[in-house]
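Computed from heavy atoms alone, side chains included, the values below leave out hydrogens, waters and symmetry copies.
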Amino acid sequence: MSHPERALSLRTATLLVVASMVGTGVFTTSGFLARDLGSNSAVLLCWAVGGVIALFGSLAYGELAAALPNNGGEYALLSRIYHPGVGFIAGFVSLFVGFAAPTAASAIAFGVYAERAFPIPGNPGWWPDLLGVLLIVGVTAIHIATVRRGSRFQDIFTLLKVGLIVALVVASLGQGDLSRLGEGSSWVDATFSGAFAVGLVFVSFAYTGWNAAAYVAGETENPGRSLPRALAIGTGIVTVLYLALNVVFVAAAPMDALSGRVDVAHVAAEAMFGTTAGRILSAVIAWGLISTVGAQIMTGPRIYEAMGHDHPRLGILAKRREGGGPIWATLLQAALSIAMALSASFDALLIYAGASLSLFAALTAAGVFVLRAREPDLPRPYRTSGHPFSTIVFLLLTSWMIVHSLIERPIVAAYAGGTLVLGAVAWWLLGER
């Protein structure tokens, strides 16, 4: 089996984590949280707890990815830790839920925000969809063509996106009313409710991508040192950005104005700066979503490529062009993303993706315990900081979130269970046993 060149630096790996995380979620979910929790303090706490979950998860992934530095993320790690069938099902789920669905959601959001920022005469309903599809096609072509050029593309757009978010936060200083941070019901009652656990599902979708660097472990320079740092630093940066943004949103307008709204960023901008700010902010968000789609298209196909190496019946997914990314794996994800972008609703994808991905993230993090017990002599360039406390907290919070989301949203159980069954059938038909 040929191995790809280790061409990705610590900077690119870190920015890949940032780009994968900062997307539609932070600009769309706080309205749902305000509606369900009824407390602005609980909304902000939910974002903080989501950051802790992501950080503790990234620490566990850092140890595993540094010890087993191969492309494939959960697919590669779960195959080694538990059984190839578990890894195969995780890879199958990742294709639909982990990458195709979030890519579609980000492309949908890009089209909507781009159309709002730069409307065309007549305002045809198909224009946002076309913009989203063109974005997927364009970014896919870049990442198939060359790994180095694709990584440069990611670095530039991610740095610009972070700069724009920081500029929004700075411009908002002194504009909102900080007394609104305590508006609503008791944060204690809200925090210990099932609604808070379900809220973490929405937040977890916004934090999705904290493990992104693990998917390109086989192409990262000095993975034993770079991967844990990229995962932890990238997650820490995004947590600070998310909390700052949500303080701006909550302080900008009354909770009733934000409650249930998808476009909370627009509501906040208009309240602080006027109607023109809506179009400006739409342009900012659309610009940032370019790197989000790019990160998802860059990371996801590495899973299917790894599956192609391990399972001859899927061998076509491992084909690369010289110096470029995986061809058919990238095209497969792009095709599924386009299909979902043209047919699926954002709300349906949100909680389904959050709950399903959290299940495999928990299984992977638990692998720190399994590998330490089974392979104590395995070289570990990095050992999870705060283990076992940090890993146990991650597992407990993730389990609480999943259980309550299934109780509160039983339809999620049906969809998630159906996807797992399809993955098991695919393993039986296509996997090498």
Side-chain angles (χ1 to χ4, degrees), residues 15-29 72-75 90-114 128-145 150-151 153-154 157-158 161 204-216 285-305 307 317 325-354 356-357 360 415 419:
L15 292 178
L16 183 62
V17 173
V18 175
S20 297
M21 294 172 73
V22 180
T24 57
V26 71
F27 298 111
T28 59
T29 56
E74 285 92 351
Y75 162 72
F92 182 89
V93 171
S94 291
L95 172 60
F96 291 95
V97 180
F99 292 96
T103 299
S106 297
I108 290 170
F110 168 80
V112 170
Y113 281 119
D129 291 340
L130 177 61
L131 291 174
V133 169
L134 288 176
L135 176 62
I136 294 174
V137 171
V139 176
T140 296
I142 291 173
H143 283 292
I144 287 178
S151 66
F153 169 87
Q154 283 307 119
F157 273 85
T158 302
K161 176 165 65 175
S204 73
F205 180 85
Y207 277 106
T208 296
W210 54 262
N211 55 352
Y215 293 101
V216 293
I285 296 173
W287 182 273
L289 288 172
I290 294 175
S291 71
T292 302
V293 171
Q296 291 158 344
I297 290 176
M298 183 178 186
T299 52
R302 269 65 180 179
I303 301 174
Y304 331 133
E305 179 190 25
M307 294 173 71
L317 298 179
I327 299 173
W328 294 105
T330 306
L331 290 175
L332 173 62
Q333 180 175 304
L336 288 172
S337 299
I338 290 172
M340 290 184 181
L342 295 176
S343 62
S345 70
F346 180 80
D347 290 351
L349 296 173
L350 195 68
I351 194 166
Y352 169 54
S356 301
L357 295 178
F360 287 104
Y415 280 115
T419 305

Worksheet item: Which pair of heavy atoms, one from A90 and one from E74, lies closest together, and at what distance?
Response: CB-CB, 4.4 Å
Worksheet item: To the nearest 0.5 Å, how far apart are OG1 in T330 and CD1 in I297?
Response: 8.5 Å
Discussion item. I need the I327 CD1 to L332 CG distance, nearest 0.5 Å.
Written reply: 13.5 Å
Item to complete: Return the set of residues passing side-chain hydrogen bond (donor to acceptor under 3.5 Å, both in side chains) with T103 (not counting sequence neighbours), or none when no residue passes.
Response: Q296
Item to complete: State which residues pass side chain to side chain contact (heavy atoms under 4.5 Å, CB included) with A107; sequence neighbours excluded, sorted by chain then number.
Response: I136
Worksheet entry | From L135 atom CG to S106 atom OG, the distance as rounded to the nearest 0.5 Å | 9.0 Å
Worksheet, complete the sentence: Between A341 and A104, the two heavy atoms sitting closest are N-CB, 3.6 Å
Worksheet item: Mind checking what makes ring-ring contact (aromatic ring centres under 6.0 Å, His included) contact with F92, not counting sequence neighbours?
Response: F96
Worksheet item: Can you name the closest pair of heavy atoms from A286 and A114 and give their distance?
Response: CB-N, 3.8 Å
Worksheet entry | Spacing of L342 atom CG and I338 atom CD1 [to the nearest 0.5 Å] | 7.5 Å
Fill in: Any F110 side-chain heavy atom under 4.5 Å of V293 side chain
no
